[in-house]
Amino acid sequence: MTDPEIDELLDSMPCTAGRPRTVEDLSGGLTNRNLKVTTADGVVVVRIPTPGPSLLGIDRDHEYANSVAAAQAGVGAPVLHYRPGIGLAVGFLPGRTLSDADLQDPDVLRRVAVACRQLHAGPRFGNEFDMFEVQARYRRIVADNGFRLPPRYDEFVPLVERIREALGPRDGTVPCNNDLLAENLLDDGERVRIIDYEYSGNNDPCFELGNIWSEATLPEPLLEVLVTAYFGRPRPVQVARARLFALVAKYGWTLWAAIQDGASAMDFDFWSWGMQKYERAVAEFDGPELADHLAIAGRAE
């Protein structure tokens, strides 16, 4: 959007229409332009979707409704205004944006677990998120559009099916963010808040935990810290389930990167970003520990 178009949008929303007004871009958005807007009435973040059709299946109406539910749960930002197809305005949350290095601190990770429990105990979201289905849909999109595919990618399909069988039916799903990069976590030193609900949907809580651990490339012992803090006691079966979900997440998000590499006009090296995930996934598919995780995840606890 041009500056005059942005001014017109901000003038049309009561929460950003006040003058004087300052507007600054926030870094980090790959599928949105994020603006921090300050007026005498307060500070607001406006999320403007990247223009053009999206092959990633982001449903902005679901993002809006689930953002409202997350705010009701007390862990998300208050939703102030929504313009379908144009933008979402939320209250600016105080706190420090976390980094992967921050999540190496067990105390920070425990606060993250508390925030996840709070979100997961809140109002159910209006849609489901199943990474097995998302990965299959992304694979069809890659094939239909002739996008690049990493070597050996389809070779691991039988192992992914074994993982799906080991994890069992989708019972007990809860409202999950499903995209908890460290940058989507804000920490004020006492509590963590969760932002960005583009990929949110009801899901297995162990996907959320495994994805956090995987996205931050944390060492294995910290997954146990995270799972223990979430469940309130050591849960080795849930650790194994989180490990398997983390592997499926890396496998699926690799195709997210392949789609963006082929379709996005943004000046960002999506392919290298995706290949970092894929290489870690391949090491796990080929490694000796996968059989143990499969066996443990299938046990009763």
Side-chain angles (χ1 to χ4, degrees), residues 26-30 34 45 63 66-67 69-78 90-125 129 131 172-250 253 277 280:
L26 297 175
S27 62
L30 294 179
N34 297 312
V45 174
E63 177 188 5
N66 296 347
S67 296
Q72 292 172 347
V75 72
V90 300
F92 181 81
L93 294 176
R96 183 170 59 90
T97 301
L98 293 179
S99 67
D100 291 351
D102 292 320
L103 295 182
Q104 299 270 350
D105 183 338
D107 288 336
V108 173
L109 210 55
R110 292 186 186 100
R111 289 200 291 274
V112 171
V114 171
C116 288
R117 280 207 314 271
Q118 188 174 354
L119 176 66
H120 296 173
R124 281 188 70 80
F125 289 162
F129 183 97
M131 180 49 90
T173 61
V174 295
C176 290
N177 177 281
N178 300 313
D179 188 30
L180 284 186
L181 310 137
E183 292 78 6
N184 287 336
L185 300 165
L186 302 177
D187 187 3
D188 65 6
E190 295 183 359
R191 63 183 298 207
V192 168
R193 306 287 287 276
I194 298 173
I195 61 173
D196 188 352
Y197 290 85
E198 284 183 315
Y199 299 94
S200 58
N202 302 311
N203 198 1
D204 191 304
C206 282
F207 177 90
E208 193 97 282
L209 303 178
N211 198 50
I212 294 169
W213 173 78
S214 173
E215 290 292 336
T217 60
L218 299 177
E220 186 169 353
L222 287 182
L223 180 58
E224 296 183 24
V225 170
L226 180 61
V227 171
T228 299
Y230 180 89
F231 287 102
R233 62 182 177 87
R235 299 286 296 271
V237 171
Q238 304 308 323
V239 171
R241 289 174 59 81
R243 279 292 300 263
L244 294 176
F245 273 121
L247 175 52
V248 174
K250 287 190 281 282
W253 294 136
K277 295 184 185 301
R280 288 164 48 218

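All residue numbers refer to positions in the sequence shown, counting from 1.
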TODO: May I have all residue pairs that pass side chain to side chain donor-acceptor pair (under 3.5 Å) and include part of residues 103-119, sequence neighbours excluded?
DONE: D107-R110, R111-D187
Task: Heavy-atom pair with the smallest gap, counting every atom of G122 and A73 - done: CA-CB, 3.9 Å
Open item on the list: For residues 222-236, which residue pairs pass the side chain to side chain donor-acceptor pair (under 3.5 Å) check, not counting sequence neighbours?
Closed with: H120-Y230, R235-E301
Open item on the list: To the nearest 0.5 Å, what is the distance between CG on L119 and OH on Y197?
Closed with: 5.0 Å
- [ ] Hey, could you give me the SG/CG distance between C176 and D204, rounded to the nearest 0.5 Å?
- [x] 7.5 Å
Open item on the list: Would L180 and I194 count as a side-chain contact (heavy atoms from CB on, under 4.5 Å) here? Give the steps.
Closed with: CA-CA 8 Å; L180 284 186; I194 298 173; 3.5 Å; yes
Task: Short side-chain to backbone donor-acceptor contact, R241 and P205, under 3.5 Å - done: no
TODO: Examine distances only and state if a side-chain atom of Y199 and a backbone atom of D196 form a donor-acceptor pair shorter than 3.5 Å.
DONE: no
Task: Separation between CD of E198 and CD of E63, rounded to the nearest 0.5 Å - done: 5.0 Å
Open item on the list: Between D188 and R193 (salt bridge meaning N to carboxylate O under 4.0 Å), is one present in this structure?
Closed with: no
Task: Polar side chain donor-acceptor pair, S99 to D102, under 3.5 angstrom - done: yes
TODO: Indicate yes or no: at least one non-hydrogen side-chain atom of P175 is less than 4.5 angstrom from one of F129.
DONE: no
Task: Pair N211, W253: side-chain N/O donor-acceptor within cut-off below 3.5 Å - done: yes
- [ ] Of all the heavy-atom pairs spanning P219 and W213, show the shortest one and how long it is.
- [x] O-NE1, 3.0 Å
Open item on the list: Under the salt bridge (charged side-chain N to carboxylate O under 4.0 Å, His left out) definition, can you give me all pairs with a residue in residues 211-222, not counting sequence neighbours?
Closed with: E215-K277, E220-R243
- [ ] Give, for atom CG of L109 and atom CG of L222, the distance between the pair rounded to the nearest 0.5 Å.
- [x] 6.0 Å
Open item on the list: Regarding N66 and S200, do their side chains bring together a donor and an acceptor under 3.5 Å, going by distance alone?
Closed with: yes
Open item on the list: Applying side-chain contact (heavy atoms from CB on, under 4.5 Å) to V108 and L98, what does each step give before you reach the verdict?
Closed with: CA-CA 9 Å; V108 173; L98 293 179; 3.8 Å; yes
- [ ] Please report the shortest heavy-atom distance between A77 and A71, naming the atom on each side.
- [x] O-CB, 3.3 Å
- [ ] Kindly say whether V45 contributes a backbone atom to a donor-acceptor pair with the side chain of N34 at under 3.5 angstrom?
- [x] no
TODO: Can you measure from SG (C116) to CG (L226) and round to the nearest 0.5 angstrom?
DONE: 6.5 Å
TODO: Show your working on side-chain contact (heavy atoms from CB on, under 4.5 Å) between N177 and E208 and close with a plain yes or no.
DONE: CA-CA 7 Å; N177 177 281; E208 193 97 282; 3.8 Å; yes
- [ ] Mark yes or no for whether N203, through its side chain, and N178, through its backbone, hold a donor-acceptor pair below 3.5 Å.
- [x] no
Task: Single hit among L103, V225, D100 for side-chain contact (heavy atoms from CB on, under 4.5 Å) with L218 - done: L103
Task: Heavy-atom check, side chain of P78 versus side chain of L93, under 4.5 Å - done: yes
Open item on the list: What verdict does the side-chain contact (heavy atoms from CB on, under 4.5 Å) test give for M131 and F207, after you've listed the backbone C-alpha separation in whole Å, the side-chain angles of each residue and the deciding distance to 0.1 Å?
Closed with: CA-CA 9 Å; M131 180 49 90; F207 177 90; 3.6 Å; yes
- [ ] Enter the distance from F92:CZ to I195:CD1 here, rounded to the nearest 0.5 Å.
- [x] 9.0 Å
